[in-house]
Enquirer: 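After the structure tokens below, expect a handful of questions from me.
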Number of protein chains: 2
Amino acid sequence: MIVATWNVNSIRARLERVLQWLDRTEPDIVCLQETKVVDADFPADPFRERGYELAVFGQKAYNGVAILSRLPLQDVRRGLDGEQEARFLQARCGDRLVVCSVYVPNGGTVGSEAWDYKLRWFDRLRAYLERAASPETPLLLAGDFNVAPEPRDVAFPEAWADSVLFHEAARAAFRKLIDWGLVDLIRLHHEGPGPFTWWDYRNLAFPRGDGLRIDHLLATPPVAACCTEAGVHREERKGKKPSDHAPVWARLNL
Amino acid sequence: MIVATWNVNSIRARLERVLQWLDRTEPDIVCLQETKVVDADFPADPFRERGYELAVFGQKAYNGVAILSRLPLQDVRRGLDGEQEARFLQARCGDRLVVCSVYVPNGGTVGSEAWDYKLRWFDRLRAYLERAASPETPLLLAGDFNVAPEPRDVAFPEAWADSVLFHEAARAAFRKLIDWGLVDLIRLHHEGPGPFTWWDYRNLAFPRGDGLRIDHLLATPPVAACCTEAGVHREERKGKKPSDHAPVWARLNL
DNA sequence: GCTACACCCG
DNA sequence: CGGGTGTAGC
């Protein structure tokens with residue numbers, strides 16, 4: 001089976017591209033972020049027509065997460081410890097695999113209130129895992145973590161050193177999450193540098209090759225053990241009306 | 001030769017549709033209205049590539065008129081008696097034919113200040129013709145006049161009787177303009193009702209057939225005498241991203 | 001740059 | 001409804 005995550009930067013603005021990618025990729029499970037739509041307006045029908053069950057958790061203008069699954073979706077949990085922002089959505093796909101679609105706060109600028117919120121959000125996510133999950137059971141955390149964990153995850157690390165996406169404090173928060181018991185599926189199959197998953201819309205970042213790897217598929221060891229392949233669909237950052245993020249995918253021999 | 005007028009409701013939003021229509025229609029002269037763009041941002045290159053000379057007169061958010069011509073453009077005049085609003089543009093196309101792209105004020109609501117301005121604008125246009133033109137020389141006034149002159153120019157005349165587009169005072173102002181010495185080229189070839197040129201974006205006006213004929217090709221007798229055919233490209237109101245206006249065209253055996 | 005949003009306008 | 005404007009967020 002194929003699992004994937006994609007920050008689509010508005011599911012309504014991106015619908016045609018997402019559907020075409022879906023038809024080409026045929027993933028079994030997809031986590032979406034920044035859907036930017038309230039649940040009543042989520043364009044569910046084209047996904048249902050393609051055989052997916054949906055769990056959606058949206059809000060008015062920002063954020064918004066969703067899970068598409070060809071396996072039966074159950075035990076849906078919306079929000080991290082009952083927060084109102086639509087950044088966390090969990091569901092069980094099929095018998096055992098628990099999947100979380102995650103959109104970590106960007107952090108604004110280093111030192112801001114938003115920055116504090118981002119670092120705390122990592123702590124709260126780790127606390128949630130400690131209390132509600134176990135590294136021994138099949139769990140997939142997929143989403144936009146807004147952190148490039150290591151220098152090889154940044155095309156020009158020096159230029160990004162003080163940014164919210166690569167600041168040492170954000171990387172430390174990400175590492176603490178990993179240390180709970182998660183495996184970075186991309187790094188099982190790619191040494192790097194890259195593959196990158198995000199290029200700023202501004203400053204010609206994509207043509208200049210100024211990418212970061214901030215979208216991740218993180219899984220517990222029983223899931224990671226059966227990951228045979230993983231990658232990034234970089235071509236989705238090209239052409240007309242791309243998201244600023246590319247999809248990240250992994251093949252699981254479950 | 002073919003002459004045409006089209007209120008495009010933003011040349012930037014409509015560019016692809018206008019170019020495709022141009023390639024299919026191959027008009028020699030086109031008057032555009034509601035280009036909604038300052039001259040520096042007018043997308044001139046695709047028109048030049050197709051063999052047109054351009055005269056443009058635009059402003060920031062509203063209005064904006066342009067003339068495209070395969071014949072040499074000369075003697076360009078911008079604005080009606082030096083007004084700032086981009087509603088009038090005149091040029092000579094080729095040796096003798098003078099062409100004006102005209103965007104008459106809508107008029108807001110009957111009785112408003114905008115309504116007064118609309119009626120006066122017609123007076124000023126007539127005064128301009130009296131002082132600067134002659135019914136004996138080749139002149140084409142093409143544009144959105146925001147007036148349906150007669151009941152046969154409105155699909156549901158009773159419903160529109162008190163509107164700014166069909167109010168008796170607006171029709172009288174239009175008639176006075178015609179009486180200077182202009183011929184309505186569409187009415188040379190169509191008895192009506194219709195053909196209509198505008199359907200409100202709101203209230204499902206197009207599917208309900210609720211159209212008005214408010215865009216006109218008005219010409220002096222020497223031009224009208226060689227008009228062999230005229231019509232409205234109603235299909236341009238269909239499909240994706242249509243303008244609310246359809247192009248009006250005429251064939252001149254000049 | 002490319003999303004949203006609110007507002008103005010026909 | 002579908003253009004324009006501006007502002008905010010990333």
Side-chain angles (χ1 to χ4, degrees), chain A residues 7-15 17 33-38 41 58-64 85-87 103-110 112-115 117-118 144-147 160 163-165 198-208 210 212 214-215 237 239-245, chain B residues 7-15 17-18 33-38 41 58-64 85-86 103-110 112 114-115 118 144 146 160 163-165 198-208 210 212 214-215 237 239-245:
Chain A
N7 179 323
V8 292
N9 189 12
S10 170
I11 188 59
R12 285 176 294 183
R14 212 71 56 214
L15 186 59
R17 186 183 273 265
Q33 299 85 39
E34 286 208 82
T35 53
K36 292 187 174 178
V37 68
V38 293
D41 294 341
Q59 65 179 72
K60 189 158 197 189
Y62 307 113
N63 312 321
E85 292 200 333
R87 297 184 172 277
Y103 178 46
V104 175
N106 169 283
T109 55
V110 173
S112 68
E113 207 165 304
W115 170 245
Y117 181 61
K118 175 181 189 169
D144 175 2
F145 290 80
N146 270 314
V147 169
W160 288 88
S163 88
V164 290
L165 303 179
W198 175 82
W199 298 261
D200 200 319
Y201 278 129
R202 294 162 289 188
N203 310 325
L204 302 169
F206 188 73
R208 285 178 40 238
D210 186 10
L212 284 80
I214 61 177
D215 301 273
R237 180 60 233 250
K240 289 216 167 192
K241 296 226 323 167
S243 168
D244 45 349
H245 296 254
Chain B
N7 178 323
V8 293
N9 189 13
S10 169
I11 188 58
R12 285 176 293 184
R14 212 71 57 214
L15 186 59
R17 186 182 273 265
V18 171
Q33 300 84 40
E34 286 208 82
T35 53
K36 291 186 174 178
V37 67
V38 295
D41 293 341
Q59 63 178 73
K60 188 157 198 191
Y62 305 115
N63 312 321
E85 292 200 332
Y103 177 46
V104 175
N106 170 281
T109 54
V110 173
S112 67
W115 171 244
K118 175 180 190 168
D144 175 1
N146 270 315
W160 287 88
S163 87
V164 290
L165 303 179
W198 175 82
W199 299 260
D200 200 318
Y201 279 128
R202 295 162 288 188
N203 312 321
L204 301 167
F206 188 74
R208 284 178 41 238
D210 187 8
L212 283 79
I214 61 178
D215 301 274
R237 180 59 234 252
K240 290 217 166 192
K241 297 226 317 170
S243 168
D244 45 348
H245 296 253

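Computation of the quantities below employed the complete heavy-atom set of this structure, encompassing side-chain atoms and omitting hydrogens, waters and symmetry-equivalent molecules. Chain naming here is simple, since letters A, B, ... match the order of the sequence lines and numbering starts at 1 in each.
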Enquirer: When you compare the side chain of Asp200(A) with that of Asp210(A), does any pair of heavy atoms fall below 4.5 Å?
Expert: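 Side-chain contact under 4.5 Å: no.
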
Enquirer: Where the side chain of Tyr201(B) is concerned, which of dT5(D), dC2(C), dG10(C) is the nearest nucleotide?
Expert: dG10(C)

Enquirer: Roughly how many Å is it from NZ in Lys240(A) to P in dC2(C), rounded to a whole number?
Expert: 11 Å

Enquirer: Nearest whole Å is fine: how far is dC8(C) P from Lys36(B) NZ?
Expert: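 In whole Å, dC8(C) P lies 15 Å from Lys36(B) NZ.
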
Enquirer: Expressed as a whole number of angstroms, how long is the span from His245(A):NE2 to dC2(C):P?
Expert: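 Going from His245(A) (NE2) to dC2(C) (P), I get 14 Å.
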
Enquirer: Can you tell me which residue among Asn9(B), Asn63(B), Asp41(B) is in a side chain to side chain donor-acceptor pair (under 3.5 Å) with Lys36(B)?
Expert: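 Of the listed residues Asn9(B), Asn63(B), Asp41(B), the side chain to side chain donor-acceptor pair (under 3.5 Å) partner of Lys36(B) is Asn9(B).
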
Enquirer: Would you indicate whether the side-chain heavy atoms of Gln59(A) and Val38(A) approach each other to under 4.5 Å?
Expert: no

Enquirer: What integer distance in Å separates Phe145(A):CZ from dC10(D):C1'?
Expert: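 The answer, rounded to whole Å, is 18 Å.
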
Enquirer: Which nucleotide, dC2(C), dA4(C), dT5(D), lies nearest any side-chain atom of Arg12(B)?
Expert: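 Per side-chain heavy atoms of Arg12(B), the pick is dT5(D).
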
Enquirer: Measure the distance from CD1 on Ile214(A) to P on dC10(D) and round it to the nearest whole Å.
Expert: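 Taking CD1 of Ile214(A) and P of dC10(D), I get 12 Å after rounding.
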
Enquirer: Can you tell me the distance, in whole Å, between the CD atom of Glu34(A) and the C1' atom of dA8(D)?
Expert: 13 Å

Enquirer: Decide yes or no for Val164(B) and Asn106(B): does some side-chain heavy atom of the first lie under 4.5 Å from some side-chain heavy atom of the second?
Expert: yes

Enquirer: Measure CG/Asn106(B) against P/dG3(D) and give the value in whole Å, please.
Expert: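 The answer, rounded to whole Å, is 18 Å.
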
Enquirer: Let me know, please, whether Asn9(A) or Gly107(B) comes out on the 5' side of the other along DNA chain C by nearest nucleotide.
Expert: Asn9(A)

Enquirer: Would you kindly compare Tyr103(B) and Tyr62(A) by the position of their nearest DNA chain C nucleotide and give the one closer to the 5′ end?
Expert: Tyr62(A)

Enquirer: From the set dC1(D), dT3(C), dC5(C), return the single nucleotide nearest to any side-chain atom of Ala13(A).
Expert: dT3(C)

Enquirer: Taking OP1 and OP2 of dG3(D), is either one under 4.0 Å from a side-chain nitrogen or oxygen of Arg14(B)?
Expert: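 Yes, because at least one side-chain N or O of Arg14(B) sits under 4.0 Å from OP1 or OP2 of dG3(D).
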
Enquirer: Once you measure the plane-to-plane angle for Trp198(A) and His245(A), does it fall in the parallel (<30°), tilted (30-60°) or perpendicular (>60°) bin?
Expert: tilted

Enquirer: In whole angstrom, what separates Leu204(B)'s CG from dG2(D)'s P?
Expert: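 Checked: the CG to P distance equals 10 Å.
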
